Amino acid sequence: MRLIVLIKALFFSALISSNMISCKPKSEIGLKDSMKGKFLVGTAMNTSQITGRDSIAINLIIKHFNSIVAENIMKSEVIQPVEGEFDFALSDQFVKFGQDNKMFIIGHTLVWHSQAPKWFFVDENGKDVSPEVLKERMKKHIQTVVSRYKGKVHGWDVVNEAIEDDGSWRKSKFYQILGEDFIRLAFVYAHEADPNAELYYNDYNMAVQKKRNAVVAMVNNLKAQGVKITGIGMQGHLLMDFPSVEEFEKSIVAFGATGAKVMITELDLSILPNPFSKASADISNTADYQEKMNPYKNGVPADKMIEWENRYLDFFKVFFRHSDKISRVTLWGLTDKDSWKNNFPIRGRTDYPLFFDRNYQPKPIVTKLLEMTNLN
Ligand code: G3I
């Protein structure tokens, strides 16, 4: 008799936990709950969130997201501003927040031409260092950072933005001194420091055909050499007219075919006019302020907002369709007020690229996405 009671109790508790989401009151369901079983939903955290100063943001992050990445504070110029002097004050807080909230933590980024400290590439006379010295510096940086967070940071953007839109190698200092082999070396060093961590290549404009082909070739080549590369991060810095959903989808399919996981990283959708012919996340591509390029500083007309929302939903439909390949979708920030897009590619504009407005209120896109996943 007791055994039957015990079995019944176990059966019902299993049933309750498997239906946990549907038991939650509607108002408590976050994006992460609604997309459970499809992919992780992430956000990038800024310094006031990481230090806990922005408590409203913190509560929203806990409710809606199960993965986090630091927008700036794990870049090499912040972590190792002076050779041999590592500053982990903020990154320790970031990782602890993720651990406390059982989140999938992403380290961004180990090797990136931008925001690398100047000393990294030069000797005491200001001349480029030798390949051997640069290898040593890369190894020390990568292994000090990755081993500090071994078993805590689950995935690393190991190499960021090494390929140009035309498919050629970016002529960064890493490339100039070490050639394309710097990419293989970075993955090897990271793997040595934490063999269980996921390791990613992350880049923007990944829907551009020549770039897509070059990334596929690079990933296949690394894999053929036995290098561990777990995933390909497609930065999603979208504009209203670029890229097309179709080209973006082709890249998801092509990247998935390499056997790597696909991640939509750095997702935001700018509503503002673009001064260039296509998007770029290269922070050296900027333009001067002009009033006509800042049309929505007092708000966005309703029809434009709907156009913006529909474009986001079109992308999410593609993400859901390919959720077998996509392991994570990460937004590049929480609220419009904190988005880098207000200052890029033109400083001082008012943009609306994210899911929460300047007063921390969820935009209708959040409800639409919850509806789309049948849980609202
Ligand atoms: O740290 C200083 C701070 O001391 C100073 O008060 C402030 C004044 O403007 O500037 C601060 O630094 C800025 C930093 O963001 C933190 O806000 C830098 O000037 C600014 O260039 C930096 O921009 C970041 C950019 O990367 C360059 O690192 C953006 O916030 C960040 O969103 C952006 O993110 C990159 C990804 O890492 C890689 N992919 C492209 C993406 C967009 O460029």
Side-chain angles (χ1 to χ4, degrees), residues 42-50 53-54 56-57 60-61 69-73 75 77 108 112 114-115 160-161 165 202-208 234-245 248 264-316 329-366:
T43 189
M45 293 181 73
N46 63 28
T47 307
S48 31
Q49 295 159 354
I50 290 166
R53 283 201 304 273
D54 190 348
I56 309 178
L60 284 174
I61 291 171
V69 59
E71 185 176 359
N72 282 306
I73 55 94
K75 293 171 180 173
E77 72 172 8
H108 173 85
W112 188 29
S114 189
Q115 315 310 117
N160 215 34
E161 303 170 11
D165 290 357
N202 186 48
D203 211 332
Y204 64 83
N205 279 354
M206 295 285 253
V208 174
M234 300 177 68
Q235 296 179 21
H237 298 299
L238 310 173
L239 301 176
M240 293 301 285
D241 56 1
F242 181 87
S244 74
V245 179
F248 202 94
I264 314 304
T265 62
E266 308 189 19
L267 182 61
D268 47 30
L269 169 56
S270 173
I271 204 163
L272 295 180
N274 176 31
F276 306 117
S277 61
K278 60 179 157 66
S280 169
D282 187 331
I283 51 167
S284 55
N285 287 341
T286 56
D288 289 336
Y289 184 88
Q290 292 173 57
E291 209 53 38
K292 67 168 189 208
M293 298 305 271
N294 189 20
Y296 308 125
K297 56 184 180 211
N298 299 316
V300 183
D303 57 339
K304 189 74 192 176
M305 209 60 218
I306 287 175
E307 202 190 312
W308 174 91
E309 188 179 294
N310 286 339
R311 181 156 163 82
Y312 246 137
L313 292 173
D314 286 346
F315 274 91
F316 268 88
V329 174
T330 289
L331 283 139
W332 201 236
L334 185 73
T335 75
D336 288 341
K337 84 177 157 68
D338 292 324
S339 170
W340 74 295
K341 292 301 298 183
N342 294 308
N343 289 307
F344 182 86
I346 297 174
R347 289 198 74 80
R349 297 198 294 176
T350 307
D351 206 344
Y352 301 80
L354 295 169
F355 280 12
F356 294 84
D357 70 19
R358 286 175 163 73
N359 298 312
Y360 298 88
Q361 295 307 304
K363 298 183 190 175
I365 179 86
V366 174

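Along the sequence shown, residues are numbered consecutively beginning with 1. All values derive from a computational prediction rather than experimental measurement.
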Asks: Taking side chain to side chain donor-acceptor pair (under 3.5 Å) as the test, write out the residues that go with N72, two or more places apart.
Replies: K75
Asks: Any cation-pi pair here, K363 with W308, using under 6.0 Å and within 45°?
Replies: yes
Asks: Less than 4.5 Å apart, any side-chain heavy atom of W332 and any of L267?
Replies: no
Asks: Verify side-chain contact (heavy atoms from CB on, under 4.5 Å) between F242 and N274, making sure each step is shown before the conclusion.
Replies: CA-CA 10 Å; F242 181 87; N274 176 31; 5.9 Å; no
Asks: Once ring pair (Phe, Tyr, Trp, His ring centres under 6.0 Å) is applied, do any residues pair with Y352, and if so which ones, sequence neighbours excluded?
Replies: none
Asks: Return the minimal non-hydrogen interatomic distance between P353 and Y312, and the atom names on each side.
Replies: O-OH, 2.8 Å
Asks: Could you list the residues that satisfy side chain to side chain donor-acceptor pair (under 3.5 Å) with S339, not counting sequence neighbours?
Replies: none
Asks: Are any non-hydrogen side-chain atoms of Y204 and T265 less than 4.5 angstrom apart?
Replies: no
Asks: Got a sec, which residues hit side chain to side chain donor-acceptor pair (under 3.5 Å) with Y289, two or more places apart in sequence or on another chain?
Replies: E291, N294
Asks: State the CD1-CG distance between I365 and L269, to the nearest 0.5 angstrom.
Replies: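 Interatomic distance, I365 CD1 to L269 CG, rounded to 0.5 Å: 8.5 Å.
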Asks: Under 3.5 Å, is there a donor on one side chain and an acceptor on the other for W112 and N202?
Replies: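 No, N202 and W112 have no side-chain donor paired with an acceptor closer than 3.5 Å.
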Asks: Could you work out, with salt bridge (Lys or Arg N to Asp or Glu O under 4.0 Å) as the rule, every residue matching D357, not counting sequence neighbours?
Replies: none
Asks: Can you tell me how far apart CD (E71) and CD (Q49) are? Round to the nearest 0.5 Å.
Replies: 8.5 Å
Asks: Report yes or no: does D165 contribute a side-chain atom to a donor-acceptor pair with the main-chain N or O of V208 at less than 3.5 Å?
Replies: no
Asks: Begin from the C-alpha positions of L238 and F248 and carry the test side-chain contact (heavy atoms from CB on, under 4.5 Å) through to its verdict.
Replies: CA-CA 10 Å; L238 310 173; F248 202 94; 4.2 Å; yes
Asks: Quick one: pull up CG in D336 and CD in Q361 and give me the separation to the nearest 0.5 Å.
Replies: 12.0 Å
Asks: Got a second to check how far N205's CG is from E161's CD, nearest 0.5 Å?
Replies: 9.5 Å
Asks: Once you round to the nearest 0.5 Å, how far does CG of L272 lie from CE of M293?
Replies: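 Answer for the CG-CE pair, L272 versus M293, is 8.5 Å.
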Asks: Just verifying a value: how many Å separate N310 CG and M305 CE, rounded to the nearest 0.5 Å?
Replies: 11.0 Å
Asks: My understanding is that only one of H237, K341, Q235 makes a side chain to side chain donor-acceptor pair (under 3.5 Å) with D268; could you say which?
Replies: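 Exactly one candidate clears the test, H237.
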Asks: What pairs with R358 under side chain to side chain donor-acceptor pair (under 3.5 Å), at least two apart in sequence or on another chain?
Replies: N342
Asks: A side-chain contact here means heavy atoms from C-beta on lying under 4.5 Å apart; do T335 and L354 qualify?
Replies: no
